[in-house]
Amino acid sequence: MCEASEEVYSSLYRQFKGELLRPGESGYDDARIIWNGMVARAPGLIARCTDVSDVQSAVRAASAAGILTAIRCGGHSLAGFSTCDGGLMIDLSRMRQVTVDPEPRRARIAGGCLLGSIDSATQKAGLVFPSGVVSHTGASGLILGGGTGWLTRRFGLSCDNVEGFTVVTADSSVVRANSKENPDLFWALRGGGGNFGVVTEFEVKLYPLTSVVLAEGLTSESGIRGLLESWRDFMAEAPIDLKWNIDLRLAPHTKKVPIELRGLPVAGSSLIWTGDADAGHSYLQRALSMCSPESVSSRIVSFLELQTMADSDFPHGRRYYTKSGYFAYLDDGTIDRLFEAVGTIPSSETQIELAYLGGAAARISADETAFGDRRSPFILNLLANWSEPSADAGNIAWIRGIFNRLRPAMTPGVCINFMSADEQDRVPEAYHERWDRIVGVKSHYDPNNFFRLNQNIPPRKVVARNS
Ligand SMILES: Cc1cc2nc3c(=O)[nH]c(=O)nc-3n(C[C@H](O)[C@H](O)[C@H](O)COP(=O)(O)OP(=O)(O)OC[C@H]3O[C@@H](n4cnc5c(N)ncnc54)[C@H](O)[C@@H]3O)c2cc1C
């Protein structure tokens, strides 16, 4: 154990109520592992907090020792920011309480929750919180980065539905942020990531919903261009009850896929309808019929099934690399390049994901939250997913190559939730004209950049010191 983590351990061990795990101790190896198998690091100390005062103690001790500190909620940072070598990991996985208040349709969510813990608690009251599409993702990282999912068009981003935050800031004080108290911090936390402190609680809005209509279709290679054109034009006029995501990939070798398509480039369409089910069935069939699908299904699914149906596609421990961007419009040249890209995909789990934002998320004005672009509705995520370290270079090069080819048609901007670790130079792009304001909030709450393992917004003092 290095000197600094020894110092943190010594100052914590008498007062800390949670677990303190050091290398070699029982439980340490499980606790240090995060979701992306590309990021295998060994913190000098893991402080698994039980409550706000544990978080305060950990921040105070780490700050005094000057140790590099990572904050871990669900450990799903694609970039691997929730761990570090030799430093301190503040682990919130014991803080997973969700308190639902059905009548005003509100909940309080602790800072270590996974999406699944929120969904199970809110569904008991027939309510939902709009979040992401994989239930083992951490809620804190997702909400602080914006948070898109099945319900974004209907109810807005996750961060649009937060009414208050409780935060332990870099000086270890507990600060509340909402529209009345510390409104600048409230603004910055809705999209600004982990830059401002450890969020120990979110106060959020909920909505009544227990099931949706789900339709799925598979389009063979020859229909991909036509599908993308239809989707582009259709979504511009679509009601907010409809969400339609497309994945370009090699068809898996599973029973659901017609035998003649397995292993070949395909486009998978997943559509949900959140409104009246009868209206939804016919609307979804109409949408799907435009895309010459080889196979189609449509059924009512419970919200909990919807929220877990992609869980096994993104298992812990595999190797992942991603790049993301926005398009204002998917022009024909971009569609051609996407079509060419799917023919060169290097591994069977790799996907080109396309989603259309708009709806409730686009009704929030650009300056209301720190979250980036709401005007460019087409979101692209290139997500490589493989298992062998020997395939790292090939997969990463493939993502970079496709991204560079598509980049000229993109509008500047990126959702920080889908950034890799080598993209720190794109962080200002994520905030556009909001950059100076967000740097100001960072400079006020974290002038020494204690919280720097994130899509980092350097405070003014640190920039001045380094220049
Ligand atoms: C399988 C998978 C599915 C995904 N699906 C979606 C999706 O549908 N929609 C979407 O928007 N994103 C999605 N993402 C991206 C995801 O939102 C980000 O990776 C997010 O950062 C993960 O949150 P986490 O809490 O698990 O991350 P962690 O790795 O624990 O932390 C990520 C970052 O958040 C900071 N952080 C974590 N907890 C706190 C806290 N309590 N206070 C302050 N800072 C904190 C950390 O310091 C770190 O910088 C997905 C990612 C994966 C791996």
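We count ligands from 1, going down the list as the structure has it; atoms in each ligand are counted the same way.
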>> Quick check: Trp35 and ligand 1, any N/O pair under 3.5 Å apart?
In response: no

> Do you know which two heavy atoms are closest between Leu12 and Ala47, and how far apart they sit?
Replying inline: CD1-CB, 4.5 Å

> What is the ring orientation for Tyr320 with Phe314, classed by angle as parallel under 30°, tilted 30 to 60°, or perpendicular over 60°?
Replying inline: tilted

> Using a heavy-atom cut-off of under 4.0 Å, does the side chain or the backbone of Leu92 touch ligand 1, or both, or neither?
Replying inline: side chain

>> So which atom in Thr350 and which in Asn395 form the shortest heavy-atom distance, rounded to 0.1 Å?
In response: OG1-OD1, 3.9 Å

> Which protein non-hydrogen atom lies closest to atom 43 (C) of ligand 1, naming both residue and atom, and how far is it?
Replying inline: Gly197 O, 3.0 Å

>> Working to the nearest 0.5 angstrom, can you tell me the gap between Asp436 CG and Tyr431 OH?
In response: 14.0 Å

>> Counting only heavy atoms, tell me which of Ser77, Gly138, Ala70 gets closest to atom 26 (O) of ligand 1.
In response: Gly138

>> Which of the numbered atoms in ligand 1 are under 4.0 angstrom from any heavy atom belonging to Asn454?
In response: 49 (O)

>> How far is atom 50 (C) of ligand 1 from the closest protein heavy atom, and which atom is that?
In response: Thr137 CG2, 4.0 Å

> What's the shortest distance from atom 8 (O) of ligand 1 to any protein heavy atom, and which residue and atom give it?
Replying inline: Val133 N, 3.0 Å

> Can Gly149 be said to touch ligand 1, with heavy atoms closer than 4.0 Å?
Replying inline: no

>> Can you confirm whether the side chains of Asp91 and Ser93 place a donor and an acceptor under 3.5 Å from each other?
In response: yes

> Quick one: nearest non-hydrogen protein atom to atom 42 (N) of ligand 1, plus distance?
Replying inline: Val199 N, 2.8 Å

>> What I want to know is whether Leu453 and ligand 1 share at least one N or O pair that is separated by under 3.5 angstrom.
In response: yes

>> Is a donor from one side chain sitting under 3.5 angstrom from an acceptor on the other, for Arg374 and Thr369?
In response: yes

> Strictly under 4.0 Å, does any heavy atom of Gly146 approach an atom of ligand 1?
Replying inline: no

> Do you see a donor-acceptor pair shorter than 3.5 Å between the side chains of Lys243 and Thr274?
Replying inline: no

> By number and element, which atoms of ligand 1 are closer than 4.0 Å to a non-hydrogen atom of Val198?
Replying inline: 42 (N), 43 (C)

>> Which of the numbered atoms in ligand 1 are under 4.0 angstrom from any heavy atom belonging to Arg72?
In response: 30 (O)

> Shortest non-hydrogen contact from His76 to Thr137?
Replying inline: CD2-CA, 3.6 Å

> If you count the atoms of ligand 1 from 1 in the order shown, which ones are under 4.0 Å from a heavy atom of Gly147?
Replying inline: 11 (O)

> Quick one: does Ala310 get within less than 4.0 Å of ligand 1, heavy atoms only?
Replying inline: no

> What protein heavy atom is closest to atom 9 (N) of ligand 1, reported as residue, atom name and distance in Å?
Replying inline: Thr148 O, 2.6 Å

>> At less than 4.0 angstrom from any non-hydrogen atom of Leu144, what atoms of ligand 1 do you find?
In response: 42 (N), 43 (C), 44 (N), 45 (C)

>> When you compare the side chain of Val439 with that of Ser443, does any pair of heavy atoms fall below 4.5 Å?
In response: yes

> So is there a nitrogen or oxygen of Asn417 less than 3.5 Å from a nitrogen or oxygen in ligand 1?
Replying inline: yes

> Which of these, Ser82, Gly132, Ser140, has its nearest heavy atom closest to atom 39 (C) of ligand 1?
Replying inline: Ser140

> Taking Ser117 for the side chain and Leu114 for the main chain, is one N or O donor matched with an acceptor at less than 3.5 Å?
Replying inline: yes

> Rounded to the nearest 0.5 Å, how far does CZ of Arg154 lie from CG of Leu242?
Replying inline: 12.0 Å

> So is there a nitrogen or oxygen of His76 less than 3.5 Å from a nitrogen or oxygen in ligand 1?
Replying inline: yes

>> How far is atom 37 (C) of ligand 1 from the closest protein heavy atom, and which atom is that?
In response: Cys73 CB, 3.8 Å

> What atoms of ligand 1 come within less than 4.0 Å of a heavy atom belonging to Gly194?
Replying inline: 44 (N)

> When you check the gap from the basic side-chain N to the acidic O, do Arg437 and Asp184 get nearer than 4.0 Å?
Replying inline: yes

>> Taking 4.0 angstrom as the limit and counting only heavy atoms of Val134, give me the atoms of ligand 1 inside it, by number and element.
In response: 1 (C), 3 (C)

> Which bit of Leu114 is near ligand 1, meaning a heavy atom under 4.0 Å away: side chain, backbone, both or neither?
Replying inline: neither

> Taking both backbone and side-chain atoms of Phe314, is any N or O found less than 3.5 Å from an N or O belonging to ligand 1?
Replying inline: no

>> Could you tell me if the side chain of Thr69 sits less than 4.5 Å from the side chain of Leu453, heavy atoms only?
In response: no

>> Ignoring hydrogens, what is the shortest heavy-atom contact between Phe451 and Asn456? Give both atom names and the distance.
In response: O-ND2, 3.4 Å

> Of the choices Gly141, Gly193, Ser158, which has the non-hydrogen atom that lies closest to atom 20 (C) of ligand 1?
Replying inline: Gly141

> At their closest point, which heavy atom of Cys415 faces which heavy atom of Gly145, and how far apart are they?
Replying inline: SG-O, 4.0 Å

>> Would you say the rings of Tyr356 and Phe378 are close, in the sense that their centroids are separated by under 6.0 Å?
In response: yes

> Which of the atoms of ligand 1 are close to Gly111, meaning less than 4.0 Å from one of its heavy atoms?
Replying inline: 41 (N)

> Would you say ligand 1 has an N or O under 3.5 Å from any N or O of Gly75?
Replying inline: yes

> Taking atom types as modelled and ignoring hydrogens, do the side chains of Arg375 and Tyr326 form a donor-acceptor contact shorter than 3.5 angstrom?
Replying inline: no

> To which protein heavy atom is atom 46 (C) of ligand 1 closest, and what is the distance rounded to 0.1 Å?
Replying inline: Ile71 O, 3.2 Å

>> Using heavy atoms and a 4.0 Å limit, tell me yes or no: is Phe418 in contact with ligand 1?
In response: yes

